Structures are given as C-alpha cells and as structure tokens.
Novice: 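Here it is: the structure, laid out below.
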Amino acid sequence: MKVNGTPFRTIWPTPDYAVEIIDQTRLPHEFVTLHLENMRDAEHAIRSMQVRGAPLIGVTAAYGVALSMCHHASDAALTATCDMLAKPRPTAVNLRWAVERMRALLSPLPACERAEAAWLEAARIAEQDVAINQAIGRHGLALIRARYQNKAETVNILTHCNAGWLATVDWGTALAPIYAAFEAGIPLHVWVDETRPRNQGASLTAWELAQHGVPHTVIVDNAGGHLMQHGRVDMVIVGTDRVTATGDVCNKIGTYLKALAAKDNGVPFYVAMPTSTLDWSLRDGVVEIPIEERGEEEVTHLSGLCDDGLIRRIQITPQGSKAANYGFDVTPARLVSGLITERGLVAANAEAICAQLKSL
Ligand code: MRU
C-alpha cells in the first residue's frame, strides 16, 4: 500500500541480507523504518510490537530464521533459533505456524544450504501472504457490494484493532475488502474502534485508511453497541489471531463484546481469516486458546503528540492502582456470521471448515 504516495510493504529483505521493517510503535506521528540484522532483532521486533498483527508476526519470524541461518546454520543453531522465535507472543498461531514451516523445510538440508533456502522460503511466505489477502479482499468485496445493492447508500463498516496492511505484508485481512470496495467506487465509511490499551485502531487503522483516502471515524471502544442500536452499522469486519477447528475466533480484546452487540442488533459479524490462522488442534477456543497478558503500563500510561510537537508519555491512573492487561478474547462460533478466507466465505462451524478448508 502507499505511504504519502510511495508504495510500501511492512517488511522487506535488503540487498545486504538484512530485513527492513516499518516501526509501528512510532506511528501515526512518525514514519520510521528499522534494520533487523539478526535473530535477536527479529525477536525483539515481535515482542516489543514494532511489528504486530498475526500474519506479519509469522513473516517476521520466518525472516528471523533466515537472518540466523546466515550467522550459524548448524542443527543446534536451527533448533535454538526456532525455539526462541516461536515464543515472543503466545496467542497468534501464525507465529508458530511460520516457525514450524521453516523448521520442517530446513531440518533435512545440509547446513551449507540452509541460509539460502531460508531466505527463499521467508520470501515465499511473504508473497503468499499478499496473494491470500488480495483473495480475501475479493471475497469480502462481494459482501459489501451486496449490502450496497441492498441499501443503495453509504455502507458503514465497523472494525476493531488493526487488521489492515500494517498487520500483514500488504493489503491486510479485515481491511482488504474495504480497500477493494473503495477501489470499486462503492460509497463506504469505516467506524474505527480506538482499541485500548495500545490503540491500534486510533493510531494504525485510522492512519492507513487516511493514507488511502477511505472515509472513517475513530470511536471509543464502547460506542459500537450504541451505533448498532441506531442502525448506523451495516456490518462488522475484524481480523483474527487464531481460529479453532470449530470456528471459535480469537482476536484483540473487546472483539467478543462487539460480536455480542452485533448479534443483539442483527448486524452481520464477519471475520477475515487467512487459513494460516486456523488451529486444527483446538476445538474450544475459550478454554484452549492461550491469551497474552502484557504489562500494566500499557493500561496505566498513554503516549501521544503534544502541542509542542513532541511525543510524550503520561500516566492516566492514580499512583499505586493496579492494572490488568489481557490482549485478546474469544468470540464463540455461534456469534460469527462467516469467515472470509482466501477460499471464499466459510460458515463458522466444524463441518463447513473441514469441508472447505481441510485440503489446504
Ligand atoms: O496485539 P496485536 O496488535 O498484534 O493484535 C492484532 C490483532 O488482534 C489483529 O486483529 C489480528 O492479529 C489480525 S491481523 C490481520
């Protein structure tokens, strides 16, 4: 996608066998790229959320393996690298999926062939991510177009967190249908949940929609239900970090509450899901999906641009008050209207998922 008119991806290899990323902790007020030179840089970029979003976390880990193989490609190094890069964040299944894909490819190879094979495979995962998101965009466009043909007015779509191109290599998942509909000339408007505590909606989704010229309005996380009650939301489209074989969906904290409000108001609730985010080993999301808990300071403090042009961090809670910071929640399959995958729309139940996605 474009930044000030210049095409960008979120991650790209450099000629000197390093990796460059957009540092998402500096957005929306500063556009900064970072050079990752070794596996530790990649691990830190994932843990500190310089890169975030399930698909991009996976791709960064794959490039992390490639960076490591350039330094040491022994069996012990491969094992240590994969074990380390599978750990920084527990919820997004794409992380483990990408690392295990690299491990399976590289393990049988002689050490001297691993570095080049790793770079090629990381690039393959990145290109597949882009193609998958474009396909999700096409299948989601059909839903938006149908709604537009039905009401012949601006289609209002609510989204939570950031599942745009910043959360992937390019195009995004939940935002891909929105970009496709916008490109197709369908009048639309996006309600952007700010998405406390890290504000991925207010700082990342709003930024990328603005870069692309897509009409949008940032709302507090608790406003969505009210807007649905007043008929101002035609559909909800969110991303996901892990989906069970039965269709339970894990996404950014607050998604479950949006799904409940959508159900209560008859608003379709769609989840954009690349199949790399499907965890075939799980059946009960609420019980089985590991939920990341991050530091209290993400809740007690906020950072932003001050009138003097400086970025500052402030404390919003009283000294001594404890805070809990759950990163994700699980929306049961019964609240999901459909999964928008690269293979098309799939019902959120075991039979449909098995029938339409098992062969992938
Ligand atoms: O904590 P984050 O910013 O990595 O959380 C991201 C989300 O919850 C996204 O909705 C999800 O990863 C899908 S990204 C295409």
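Order of listing sets the numbers, starting from 1, for every ligand and every atom in it. Owing to the predicted nature of the structure, the values given are computational and were not obtained by experimental measurement.
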Novice: Between L56 and ligand 1, find which residue part has any heavy-atom pair under 4.0 Å and reply side chain, backbone, both or neither.
Specialist: neither
Novice: Looking at D279 and R242, does any basic side-chain N land under 4.0 Å from a carboxylate oxygen?
Specialist: yes
Novice: I'd like to know if D83 pairs up with R103 as an ion pair, taking the criterion as any Lys NZ or Arg NE/NH1/NH2 lying under 4.0 Å from an Asp or Glu carboxylate oxygen.
Specialist: yes
Novice: With only distance considered, is G53 within less than 3.5 Å of ligand 1 through an N or O on each side?
Specialist: yes
Novice: May I ask you to identify, for A54, whether its side chain, its backbone, both or neither come under 4.0 Å of ligand 1 on a heavy-atom basis?
Specialist: both
Novice: Go through ligand 1 atom by atom and flag the ones less than 4.0 Å from a non-hydrogen atom of A167.
Specialist: 14 (S), 15 (C)
Novice: Going by the order shown, which atoms of ligand 1 are within less than 4.0 Å of some heavy atom of N251?
Specialist: 7 (C), 8 (O), 9 (C), 10 (O), 11 (C)
Novice: At under 4.0 Å between heavy atoms, is it the side chain or the backbone of T240 that contacts ligand 1, or both, or neither?
Specialist: backbone
Novice: Within less than 4.0 angstrom of ligand 1, does P55 place any heavy atom?
Specialist: yes
Novice: Provide the number and element of each atom of ligand 1 under 4.0 Å from a heavy atom of R89.
Specialist: 1 (O), 2 (P), 4 (O)
Novice: Taking CG in D307 as the centre, count heavy atoms belonging to other residues, nucleotides or ligands within less than 6.0 Å. Is the count above 12?
Specialist: no
Novice: Indicate yes or no: does R52 engage D241 in a salt bridge with an N to O separation below 4.0 Å.
Specialist: no
Novice: Take a 6.0 Å sphere around NZ of K151 and say whether it holds more than 12 heavy atoms from other residues, nucleotides or ligands.
Specialist: yes
Novice: For atom 11 (C) of ligand 1, what's the nearest protein heavy atom and its distance?
Specialist: D241 OD1, 3.2 Å
Novice: Need the ligand 1 atom indices (1-based, order shown) with element for anything under 4.0 Å from a heavy-atom of M49.
Specialist: 1 (O), 2 (P), 3 (O)
Novice: Suppose we measure from atom 15 (C) of ligand 1 to each protein heavy atom; which comes out shortest, and what is that distance?
Specialist: T173 OG1, 3.1 Å
Novice: With a sphere of 6.0 Å drawn around OH of Y326, does it hold more than 12 non-hydrogen atoms of other residues, nucleotides or ligands?
Specialist: no
Novice: Closer than 4.0 angstrom, basic N to acidic O: yes or no for E20 and R9?
Specialist: no
Novice: Do L166 and F328 sit in the same hydrophobic cluster, where Ile, Leu, Val, Met, Phe, Trp and Tyr count as joined when their side-chain heavy atoms come under 4.5 Å apart?
Specialist: no
Novice: Determine whether more than 12 heavy atoms belonging to other residues, nucleotides or ligands lie under 6.0 Å from atom CD of E116.
Specialist: no
Novice: Which ligand 1 atoms, with their elements, are less than 4.0 angstrom from a heavy-atom of K252?
Specialist: 1 (O), 2 (P), 5 (O), 8 (O)
Novice: What do you reckon, does C161 put a non-hydrogen atom under 4.0 Å from ligand 1?
Specialist: yes
Novice: Counting each atom of ligand 1 from 1 as listed, which ones have a heavy atom of Q200 under 4.0 Å away?
Specialist: 1 (O), 2 (P), 3 (O)
Novice: Should E288 and R283 count as an ion pair when the cut-off is N to O under 4.0 Å?
Specialist: no
Novice: So is T91 in contact with ligand 1, going by heavy-atom distances below 4.0 Å?
Specialist: no
